[in-house]
Amino acid sequence: MKEIKRTRYLNKLIQRKENNLIKIVTGIRRCGKSYLLDPLFKNYLLSTGIKEDHIIKIDLDLRMNKDFLNLDYIDTYIRNQIKDEKMYYVLLDEIQKVDDFESVLNGFLHIKNVDAYVTGSNSKFLSSDIVRGRGDEIRIYPLTFSEFLEAFNGSKEEAWNSYITFGGLPLILDQKTDEQKRNYLISLFNTTLKKQYITSRCLRHVSELTILFCRFFNKSQENC
């Protein structure tokens, strides 16, 4: 897949750089939050002369980084990386996985040479104090058609047919056949809707929505 520039959102981060607030990237699952931080924003920082060791990037959904899910561990680690008075840019992906993550982020606000950027769950952040007064939210959405077309390998007509049928989630571009695209969306539907929203009781009439979704992709409800 070609690089998706996402210029609109990248510019939002650039405009908020070093504004003494926690930059919070929110949006639905798989819409490109992590990609916006790294590689897009990280590469921008490097292009402006920021040294690699002044960019602290942690992917909290990776098993190899499970130790960072401990509140004290991640806080101590980040503070230990700060070696001088120059600005450090902290990029934390899926911060909601850390219990009491608000206290970690609030602590960064008291370090004058730390500029923090995080991604996370909408529901977690909307119920936290970080958004209210100390956070600067950047809401990201799936690809517009122009963004989709820029990265699509094919004609404009083929891109449009794919876009109106399967939507603008970035990973759709990696799926080579319609069947793969359908299976990807069904898998995302199951993990996001059935497990996340149903278990948290945030959605009513789930059975009707499941039937509608499965019929759209010509799948039986048992296989959806």
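Just the heavy atoms: all of them, side chains too, but no hydrogens, waters or symmetry mates, feed the values below. Numbering of residues begins at 1 and proceeds along the displayed sequence.
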Item to check | Reference residue L40; test side chain to side chain contact (heavy atoms under 4.5 Å, CB included); the match among L36, N43, L37 | outcome: L36
Item to check | Nearest heavy atoms of K112 and M87, plus distance in Å | outcome: O-CE, 3.8 Å
Checklist entry - Are V114 and I56 side-chain neighbours, meaning at least one heavy-atom pair lies under 4.5 Å? => result no
Checklist entry - P142 and L169: which non-hydrogen atoms are nearest, and at how many Å? => result CG-CD2, 4.0 Å
Checklist entry - About how many Å separate CG of D99 and CD of E102, when rounded to the nearest 0.5 Å? => result 10.0 Å
Checklist outcome for this item: To the nearest 0.5 Å, atom CD of Q96 lies from atom CD1 of I24 at 11.5 Å
Checklist entry - So does D93 pair up with K57, basic N to acidic O under 4.0 Å? => result no
Item to check | Results of side-chain contact (heavy atoms from CB on, under 4.5 Å) for R8 - residues two or more places apart only | outcome: K12
Next on the checklist: Checking the side chain of T48 only, and the main-chain atoms of L45 only, is there a donor and an acceptor separated by less than 3.5 Å?
Outcome noted: yes
Item to check | Electrostatic pair E94-K33, nearest N-O below 4.0 angstrom | outcome: no
Checklist entry - How many angstroms lie between atom CD of Q81 and atom CD1 of I58, to the nearest 0.5 angstrom? => result 8.0 Å
Checklist entry - Who pairs with K5 by side-chain contact (heavy atoms from CB on, under 4.5 Å), at least two apart in sequence or on another chain? => result E3, T7, E150
Item to check | Among K176, Q175, R182, side-chain hydrogen bond (donor to acceptor under 3.5 Å, both in side chains) partner for E179 | outcome: R182
Next on the checklist: F68: which residues meet the ring pair (Phe, Tyr, Trp, His ring centres under 6.0 Å) condition with it, sequence neighbours left out?
Outcome noted: Y73, Y77
Checklist outcome for this item: Taken to the nearest 0.5 Å, the spacing of F152 CZ from F145 CZ works out to 8.5 Å
Checklist outcome for this item: Here the salt bridge (charged side-chain N to carboxylate O under 4.0 Å, His left out) pairs for residues 66-76, sequence neighbours left out, are D75-R79
Checklist entry - Are more than 12 heavy atoms from other residues, nucleotides or ligands located less than 6.0 Å from atom CG of N19? => result yes
Next on the checklist: One pair to check against side chain to side chain contact (heavy atoms under 4.5 Å, CB included): I4 and L173. What are the steps and the verdict?
Outcome noted: CA-CA 10 Å; I4 306 172; L173 289 162; 3.7 Å; yes
Checklist entry - With a 4.5 Å limit on heavy-atom distance, are the side chains of R16 and Y117 in contact? => result no
Checklist entry - Got a second to check how far Y88's OH is from I78's CD1, nearest 0.5 Å? => result 13.0 Å
Next on the checklist: So, using side-chain contact (heavy atoms from CB on, under 4.5 Å) as the criterion, who are the partners of Q15 when residues are at least two apart?
Outcome noted: N11
Checklist entry - Side-chain contact, heavy-atom cut-off 4.5 Å: F148 with I172? => result yes
Checklist entry - For K42, what residues pass the side-chain contact (heavy atoms from CB on, under 4.5 Å) criterion, not counting sequence neighbours? => result D38, L46, E52, I55, L91
Checklist entry - Any link between Y163 and Y141 through a network of hydrophobic side chains (Ile, Leu, Val, Met, Phe, Trp, Tyr) touching at under 4.5 Å? => result yes
Checklist entry - Is it true that L71 and L92 fall in one hydrophobic cluster, defined by side-chain heavy atoms closer than 4.5 Å? => result yes
Item to check | Min side-chain heavy-atom separation T165-D178 under 4.5 Å | outcome: no
Checklist outcome for this item: Correct closest heavy-atom pair for K86 and D84 would be N-OD1, 2.9 Å
Checklist entry - Shortest non-hydrogen contact from L69 to V98? => result O-CG1, 3.7 Å
Next on the checklist: Is there a continuous path of hydrophobic side-chain contacts, each under 4.5 Å between heavy atoms, that joins M64 to I95?
Outcome noted: no
Next on the checklist: Less than 4.5 Å apart, side chain to side chain, heavy atoms only: is that true for R134 and F108?
Outcome noted: no
Checklist outcome for this item: All heavy atoms of F166 vs all of L185, minimum pair found to be O-CD1, 3.5 Å
Next on the checklist: Could you measure the distance from the CG atom of N20 to the CG atom of L109? Nearest 0.5 Å is fine.
Outcome noted: 8.0 Å
Checklist entry - Considering only heavy atoms from C-beta outward, does the side chain of K23 approach that of F41 to under 4.5 Å? => result no
Next on the checklist: I need the minimum non-hydrogen distance between L188 and R29, along with the two atoms involved.
Outcome noted: CD2-O, 4.5 Å
Checklist entry - After noting the C-alpha distance and the side-chain angles of I140 and R6, does the key distance pass the side chain to side chain contact (heavy atoms under 4.5 Å, CB included) rule? => result CA-CA 10 Å; I140 185 171; R6 312 235 65 180; 3.7 Å; yes
